[in-house]
Asks: 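Here it is: the structure, laid out below.
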Amino acid sequence: IDTSVITNYNIYVVRDFEATYDVTVPENSTINLDLDGYVVEVTDNWTNNGTFSINDRKHEDGTGELHFSRPFTNNGQLNISNITAKTVSANSMFALNNDINLTNSNLVSETNATVIEVIGNDVVITADTNTTIKTTNTTNQSNYALKNDAKNTVVNGGKYISNYKTIFN
């Protein structure tokens, strides 16, 4: 990934790296990002307006990782499987205006950040029983595993663990 706008690609990560640039998936585009056990440090904005699938196909134990210091904004369809995603700053990990599917993944905030913040109406969050969304910071009153700032949000499955706040706002 070395461009700000990408369309219709299968991208295979071949080493740990830092994504120090904005990444945008346009409408009507499909991107498949395979972490293959590597760590990607996301230090700029990622925005999905199409279909973006992030997975680790070879490692069902979630050894591929994304570390977010900026929020990932989802305006399209986002599919995440077999990875671990962590916040490394005070920004929310995912800002959802549209649906997300989570399979066999761990989404963790070890900072003063919310893991998933729903900002669009009519968003559907679907997670299997092997997916965990959690916060581990016990001192901040503003971090949530799932924060709902919208209407008509539907949550199907998953394990939501928040050490300080209630899950829904």
Side-chain angles (χ1 to χ4, degrees), residues 1 8-13 16 19 23 25 29-42 46-68 70-88 91-111 113-137 143-169:
I1 305 173
N8 302 323
Y9 285 100
N10 291 318
I11 301 166
Y12 301 92
V13 176
D16 294 344
V23 172
V25 177
S29 294
T30 300
I31 301 298
N32 298 304
L33 177 64
D34 188 345
L35 298 179
D36 196 23
Y38 293 101
V39 175
V40 177
E41 301 282 343
V42 179
W46 283 20
T47 303
N48 176 39
N49 297 314
T51 301
F52 196 179
S53 297
I54 304 169
N55 61 62
D56 191 337
R57 293 178 207 202
K58 293 183 182 177
H59 302 91
E60 290 184 10
D61 59 355
T63 55
E65 292 189 12
L66 291 173
H67 297 174
F68 289 95
R70 299 292 298 254
F72 182 116
T73 302
N74 184 49
N75 303 315
Q77 179 61 52
L78 181 59
N79 305 303
I80 296 175
S81 60
N82 300 326
I83 72 163
T84 295
K86 297 179 180 180
T87 56
V88 293
N91 293 306
S92 294
M93 186 183 307
F94 293 101
L96 300 181
N97 281 307
N98 212 336
D99 301 346
I100 186 171
N101 293 310
L102 302 161
T103 306
N104 195 37
S105 294
N106 293 301
L107 282 56
V108 181
S109 170
E110 296 174 348
T111 64
T114 294
V115 179
I116 296 176
E117 184 171 3
V118 180
I119 54 178
N121 293 331
D122 304 312
V123 170
V124 176
I125 300 167
T126 303
D128 70 352
T129 57
N130 296 320
T131 294
T132 301
I133 297 115
K134 68 178 179 179
T135 62
T136 59
N137 185 319
N143 64 336
Y144 296 81
L146 173 59
K147 183 178 181 187
N148 185 28
D149 290 332
K151 296 178 183 174
N152 302 322
T153 301
V154 176
V155 178
N156 295 315
K159 296 176 223 165
Y160 299 84
I161 302 165
S162 184
N163 287 340
Y164 199 90
K165 289 292 262 186
T166 57
I167 294 173
F168 284 96
N169 193 17

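The figures here come from the full heavy-atom set of this structure, side chains too, leaving out hydrogens, waters and symmetry mates. This chain uses plain numbering: 1 for the first residue, then up along the sequence.
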Asks: Between atom NZ of K86 and atom CG of L66, what is the distance when rounded to the nearest 0.5 Å?
Replies: 11.5 Å
Asks: For D34, what residues pass the salt bridge (Lys or Arg N to Asp or Glu O under 4.0 Å) criterion, not counting sequence neighbours?
Replies: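 Applying salt bridge (Lys or Arg N to Asp or Glu O under 4.0 Å) to D34 gives R57.
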Asks: When you look at V25 and N49, which way does the side chain to side chain contact (heavy atoms under 4.5 Å, CB included) test go after all the steps?
Replies: CA-CA 6 Å; V25 177; N49 297 314; 5.8 Å; no
Asks: Would you say the side chain of N55 lies within less than 4.5 Å of the side chain of L33, judging by non-hydrogen atoms?
Replies: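 They are not in side-chain contact.
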Asks: Between N75 and N97, what is the shortest heavy-atom contact and its length?
Replies: OD1-ND2, 2.8 Å
Asks: Does I116 reach the side chain of I125, with side-chain heavy atoms less than 4.5 Å apart?
Replies: yes
Asks: Quick one: pull up CG in D36 and OH in Y12 and give me the separation to the nearest 0.5 Å.
Replies: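 Answer for the CG-OH pair, D36 versus Y12, is 10.0 Å.
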Asks: Might you point out which heavy atoms bring N121 and A150 nearest each other, and give the distance in Å?
Replies: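 That would be OD1-CB, 3.4 Å.
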Asks: What distance do F52 atom CZ and T47 atom OG1 have between them, rounded to the nearest 0.5 Å?
Replies: 10.5 Å
Asks: Indicate yes or no: at least one non-hydrogen side-chain atom of E41 is less than 4.5 angstrom from one of V39.
Replies: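 In short, these two side chains touch, coming nearer than 4.5 Å.
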Asks: Is the shortest heavy-atom distance from the side chain of N98 to the side chain of L78 under 4.5 Å?
Replies: no
Asks: Less than 4.5 Å apart, any side-chain heavy atom of N104 and any of S81?
Replies: no
Asks: Are the side chain of T111 and the backbone N or O of S109 linked by a donor-acceptor pair below 3.5 Å?
Replies: no
Asks: Pair L96, E117 - check side chain to side chain contact (heavy atoms under 4.5 Å, CB included), show working.
Replies: CA-CA 6 Å; L96 300 181; E117 184 171 3; over 6 Å; no
Asks: Distance check, rounded to the nearest 0.5 Å: I80 atom CD1 versus L35 atom CG?
Replies: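 If we round to the nearest 0.5 Å, I80:CD1 and L35:CG are 10.0 Å apart.
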Asks: We want to know whether T153 and N148 form a side-chain donor-acceptor pair, criterion being a heavy-atom distance below 3.5 angstrom.
Replies: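 Yes, because at least one side-chain N or O of T153 sits under 3.5 Å from a partner of the opposite role on N148.
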Asks: Looking only at side chains, do N10 and N32 share a donor and an acceptor under 3.5 Å apart?
Replies: yes
Asks: Looking only at heavy atoms, what is the nearest atom pair of T135 and V115, with distance?
Replies: CG2-CG2, 4.1 Å
Asks: Identify, with sequence neighbours excluded, every residue that meets side-chain hydrogen bond (donor to acceptor under 3.5 Å, both in side chains) alongside S53.
Replies: N79
Asks: What is the minimum heavy-atom distance between A19 and V40, and which atoms define it?
Replies: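 Smallest heavy-atom distance, with atoms named: CB-CG1, 4.3 Å.
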Asks: Roughly how far, to the nearest 0.5 Å, is the CE atom of M93 from the CG atom of L107?
Replies: 5.0 Å
Asks: Do N74 and N48 have a side chain donor and acceptor closer than 3.5 Å?
Replies: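 Note: N74 and N48 side chains meet the donor-acceptor criterion.
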Asks: Is it true that a side-chain atom of T51 and a backbone atom of Q77 form a donor plus acceptor pair closer than 3.5 Å?
Replies: no
Asks: So, taking the atom named OG in S105 and the one named CG in D128, what distance separates them when rounded to the nearest 0.5 Å?
Replies: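 Going from OG on S105 over to CG on D128, the span is 7.5 Å.
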Asks: Counting C-beta onward and ignoring hydrogens, is there a side-chain heavy-atom pair between I54 and F72 closer than 4.5 Å?
Replies: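 With C-beta onward as the side chain, the pair touches.
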Asks: How far apart are the closest heavy atoms of A95 and I119, and which atoms are they?
Replies: CB-CD1, 3.9 Å
Asks: Scan N101, D99, T103, T131 and name whichever one has a side-chain contact (heavy atoms from CB on, under 4.5 Å) with T126.
Replies: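 Output: one option passes, namely N101.
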Asks: Between Y38 and D16, is any pair of side-chain heavy atoms under 4.5 Å apart?
Replies: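 Counting from C-beta outward, Y38 and D16 do come under 4.5 Å.
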Asks: Could you tell me if the side chain of F94 sits less than 4.5 Å from the side chain of T73, heavy atoms only?
Replies: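 In short, these two side chains do not touch, never coming nearer than 4.5 Å.
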